[in-house]
Amino acid sequence: MLFIVAALLLLGVVMGTVAHAPLHLTAAAAVVVAVWLGVFALRERHARRHAPSAD
């Protein structure tokens, strides 16, 4: 329960910050996060395909 409260509080702070940031800054941050998540997903997929089997 405490985790949910903390997550909602953090979300409120972040959304408040985004609401006051210029649009181009918000878009640039969104692109950076999207690229980071894409690289992470590709690395995870590559690691799962090349991992030795545990069977």
Side-chain angles (χ1 to χ4, degrees):
M1 183 69 181
L2 186 61
F3 176 75
I4 294 172
V5 172
L8 288 173
L9 180 65
L10 183 62
L11 180 65
V13 169
V14 170
M15 292 303 291
T17 302
V18 169
H20 295 287
L23 184 59
H24 66 278
L25 180 65
T26 303
V31 168
V32 168
V33 169
V35 168
W36 177 49
L37 289 174
V39 169
F40 177 76
L42 289 174
R43 289 181 62 199
E44 285 294 314
R45 180 179 293 188
H46 180 72
R48 288 183 190 265
R49 286 188 178 176
H50 295 352
S53 179
D55 294 331

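- When hydrophobic residues (I, L, V, M, F, W, Y) are linked wherever their side-chain heavy atoms come within less than 4.5 Å, V5 remains an isolated member.
- Residue L11 belongs to a hydrophobic cluster whose other members are M15, with links defined by side-chain heavy atoms closer than 4.5 Å.
- V14 is linked by a side-chain contact (heavy atoms from CB on, under 4.5 Å) to L10, V18, counting only residues two or more places apart in sequence or in another chain.
- Among pairs with a residue in residues 22-48, those fulfilling ring-ring contact (aromatic ring centres under 6.0 Å, His included) read H46-H50, at least two apart in sequence or across chains.
- In this structure, the separation between CG on L37 and CG on L42 is 11.0 Å, given to the nearest 0.5 Å.
- Through direct or relayed side-chain contacts under 4.5 Å between Ile, Leu, Val, Met, Phe, Trp and Tyr, V31 connects to V35, V39.
- As a member of the Ile/Leu/Val/Met/Phe/Trp/Tyr network built from side-chain separations under 4.5 Å, I4 groups with L8.
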